[in-house]
Amino acid sequence: MSVLELSAVSRWYGNVVAVNDITMTIGPGVTGLLGPNGAGKSTLLHMMAGFLPPSNGSVTIDGEPTWRRPKMYDVVGLVPEREAAYTFLTGMEFVEASAKLHRLASPRQAAQRAIDIVELSDAADRKIGTYSKGMRQRVKVASALVHDPQVLLLDEPFNGMDPRQRLHMMELLKSLADAGRTVLFSSHILEEVEQLSDVVQVVVAGRLAASGDFREIRRLMTDRPHVFTIRSTDDRALASVLMGAQHTAGVAIDGPVLRVQAADFGSFTRALAGIAREHNIGLREVIPADESLESVFSYLVRR
Amino acid sequence: MNAVIARITYRALLGRRRVLLLALLPVVLLLLAVAFRAGNGDATENLLDHFGVAALLPLVALIVGTGVLGAELEDGTAIYLLATPTPRSAIVTTKFAVAAVVTVAFTAIPEFLAGVIAFPDRTRLSVAYAVGTAVGAVVYVAIFLALSVATRRAMAVGLIYVLVWEGLLASFVSGIGVLSVQQYSLSIAKAIAHAGDEIPANVSLAVAIPMLLVVIVVASRLAVDRLSGYRISGEPG
């Protein structure tokens with residue numbers, strides 16, 4: 001059992017603050033590091049993986065700092081985001097090289113085991129250069145798993161995977177967590193994190209915006225008001241009708257578009273079409289205005 | 001030394017398109033040697049010194065020295081070596097050894113052959129230049145390897161060192177020879193060659209040998225230190 005600990009960690013590049021005073025403890029199980037692109041997830045992950053020193057604060061694994069300590073890779077496995085690989089090696093050669101660099105007693109068996117885990121046996125003797133994006137991702141995971149690390153860090157591991165591979169990878173990470181490993185992965189996709197991890201750390205603009213049980217955070221996210229922009233055959237008529245409707249929290253006419261604040265996402269979208277038809281108004285466009293992940297996050301930050 | 005890293009490095013280095021450039025330069029040297037012989041010229045220095053030691057040697061060393069580790073740091077594959085408990089000194093030593101062997105093979109051997117072709121009756125001169133070149137290869141590679149870990153512009157910095165410092169300044173200011181790998185090579189060649197062979201070294205052997213040892217040690221230390229503190233990209237994300 002290994003514990004990853006960040007204590008008052010900040011990281012800046014010149015005047016740009018990438019990570020701002022983050023404290024978190026990551027123990028056994030799957031933890032999702034969630035945040036929009038550019039939020040500081042990778043910077044955090046690089047500090048955890050020993051490839052970046054914190055400007056302030058400390059990053060430790062089982063009490064030992066991660067920076068400038070190659071021995072920590074005895075217990076840590078890293079799956080980097082970059083797709084780069086030794087394209088001239090076969091998958092097996094690559095994973096076996098990793099096993100040897102970890103000075104494992106029987107590198108060949110360890111490599112075979114890791115390749116089996118990621119279901120890459122069929123392609124193990126092909127050069128990595130011929131692999132698809134998803135296969136490269138899996139061979140990277142195999143190489144990171146070869147020494148059966150206590151801590152596995154994955155930077156956007158689901159990028160480029162098809163749904164089946166994604167599902168398989170999720171099962172794999174879950175089984176590692178069940179075996180007592182500490183698994184941390186970063187993602188900017190809400191659903192990935194939701195399906196996989198009970199514990200999430202939400203990072204927005206370098207700060208820890210929310211931390212803890214996913215269901216709790218999810219509730220905060222769905223409880224917020226939803227704004228729609230609507231274009232119809234008669235915006236003014238629709239506005240006056242919606243004003244009286246039960247599911248509407250606010251209506252505004254903003255130039256050529258109608259902005260409606262719904263009290264509840266589900267019931268408003270179900271009721272809208274009926275209301276429009278009843279008053280002979282044609283709906284041309286209904287767009288949830290703030291559904292981007294960034295707005296969900298910024299909502300969380302404001303709380 | 002680490003056999004796994006050595007094997008991967010050889011394959012990466014000799015598999016790249018750069019290897020064509022590596023092979024091209026020695027071929028040019030050999031062709032020139034044939035031409036010299038046919039032309040019956042007395043341009044010893046021009047062939048083995050100006051082309052061999054002053055151009056072929058630093059260029060090959062630059063390509064190989066910055067390629068063994070710098071290329072992997074650049075494209076991100078080095079992470080698979082670094083995310084292991086392998087001591088950073090072992091990584092640097094192995095990369096250095098591979099680069100030295102490849103550079104010697106692509107410089108000292110053709111230098112010797114070119115000497116034998118151009119001056120068949122002066123074998124000692126060819127041996128002298130070949131040994132000088134081999135030693136120079138090792139020193140250059142140590143410098144360029146360290147540069148490639150220290151800066152992303154290793155190729156440019158290396159070229160400036162070779163062209164401006166060694167090529168231009170060292171020929172005007174003789175004191176600069178103390179910090180010129182080219183001069184170390186020539187100094188060693190001069191010590192081996194017959195007294196009558198005019199090898200234009202302006203640094204004595206007593207200076208060259210301690211200096212080149214110091215350069216190798218300092219460069220390797222620097223490389224190990226920089227690699228130990230290797231950071232993944234600087235931009236926030």
Side-chain angles (χ1 to χ4, degrees), chain A residues 11-14 16-19 37-47 49-53 67-89 93-103 107 140 143-144 146-147 149 153 155-156 186 206, chain B residues 1-20 67-95 98 102 149 152 221-237:
Chain A
R11 172 73 220 183
W12 50 80
Y13 302 96
V16 181
V17 179
V19 167
N37 285 325
K41 300 190 298 294
S42 288
T43 302
L44 271 174
L45 218 99
H46 292 160
M47 288 193 281
F51 285 106
L52 196 65
W67 177 241
R68 277 185 176 261
R69 215 171 59 85
K71 269 198 77 61
M72 76 151 188
Y73 300 109
D74 281 332
V75 293
V76 175
L78 170 68
V79 181
E81 185 184 8
R82 277 178 82 172
E83 215 185 300
Y86 296 105
T87 49
F88 51 88
L89 295 181
E93 286 172 334
F94 177 60
V95 180
E96 198 178 343
S98 174
K100 284 179 178 161
L101 291 174
H102 279 100
R103 286 173 267 154
K140 278 158 58 182
S143 139
V146 76
H147 58 302
L153 304 170
D155 199 352
E156 298 277 355
S186 69
Chain B
M1 281 291 279
N2 183 305
V4 180
I5 297 176
R7 255 197 310 275
I8 292 179
T9 307
Y10 272 115
R11 287 179 68 175
L13 192 65
L14 301 179
R16 286 175 209 266
R17 214 165 285 157
R18 292 174 185 205
V19 79
L20 292 177
V68 281
L69 182 53
E72 282 178 50
L73 292 171
E74 190 72 17
D75 71 17
T77 46
I79 201 89
Y80 299 110
L81 304 182
L82 294 172
T84 69
T86 317
R88 279 33 182 162
S89 55
I91 297 178
V92 169
T93 314
T94 306
K95 297 286 189 181
V98 171
V102 171
V149 188
R152 288 185 174 210
R221 287 241 171 122
L222 176 74
V224 172
D225 182 66
R226 295 308 292 254
L227 194 64
S228 302
Y230 177 71
R231 301 165 182 207
I232 296 182
S233 73
E235 69 266 32

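Protein chains get the first letters and strands the later ones, always in sequence-line order, with residue 1 at the start of each.
- When all heavy atoms are compared, the tightest approach of A:S143 to B:Y80 is OG-CD2, 4.2 Å.
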| request: Tell me, with the steps shown, if B:N2 and A:L101 meet side-chain contact (heavy atoms from CB on, under 4.5 Å). | output: CA-CA 9 Å; B:N2 183 305; A:L101 291 174; 3.6 Å; yes
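- Between chain B and the residues A:G14, A:A49, A:S98, A:P53, the most heavy-atom pairs under 4.5 angstrom are made by A:P53.
- Formation of a donor-acceptor pair under 3.5 Å by the B:R231 side chain with backbone atoms of A:H46 is not found in this model.
- Nearest heavy-atom pair, A:R103 versus B:P87, reported as atom, atom and distance to 0.1 Å: NH2-CD, 4.5 Å.
- Of all heavy-atom pairs between A:F88 and B:I8, the closest is CZ-O, 3.8 Å.
- Heavy atoms only, all atoms of each residue included: B:L82 and A:Y73 are closest at O-CE1, 3.3 Å.
- In this structure, chain B has a heavy atom under 4.5 Å from the side chain of A:W67, while its backbone stays farther away.
- Rounding to the nearest 0.5 Å gives a distance of 8.0 Å between CD1 of B:I232 and CG of A:D155.
- When all heavy atoms of B:T77 and A:Y86 are compared, the closest pair comes out as O-OH, 3.3 Å.
- Neither the backbone nor the side chain of A:R69 comes within contact range of chain B; no heavy atom of the residue lies under 4.5 Å from a heavy atom of that chain.
- If you tally non-hydrogen atom pairs under 4.5 Å between each of A:A144, A:S186, A:P80 and chain B, the highest count goes to A:P80.
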| B:T84 and A:K100: CA distance, side-chain angles, deciding distance, side-chain contact (heavy atoms from CB on, under 4.5 Å) verdict | CA-CA 10 Å; B:T84 69; A:K100 284 179 178 161; over 6 Å; no
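- Residues A:H102 and B:P85 come closest through the heavy atom pair CD2-CD, 3.3 Å.
- More than 12 heavy atoms of other residues, nucleotides or ligands shown are found within 6.0 angstrom of CZ on A:R68.
- Remark: B:R11 engages A:E93 in a salt bridge, criterion side-chain N to carboxylate O under 4.0 Å.
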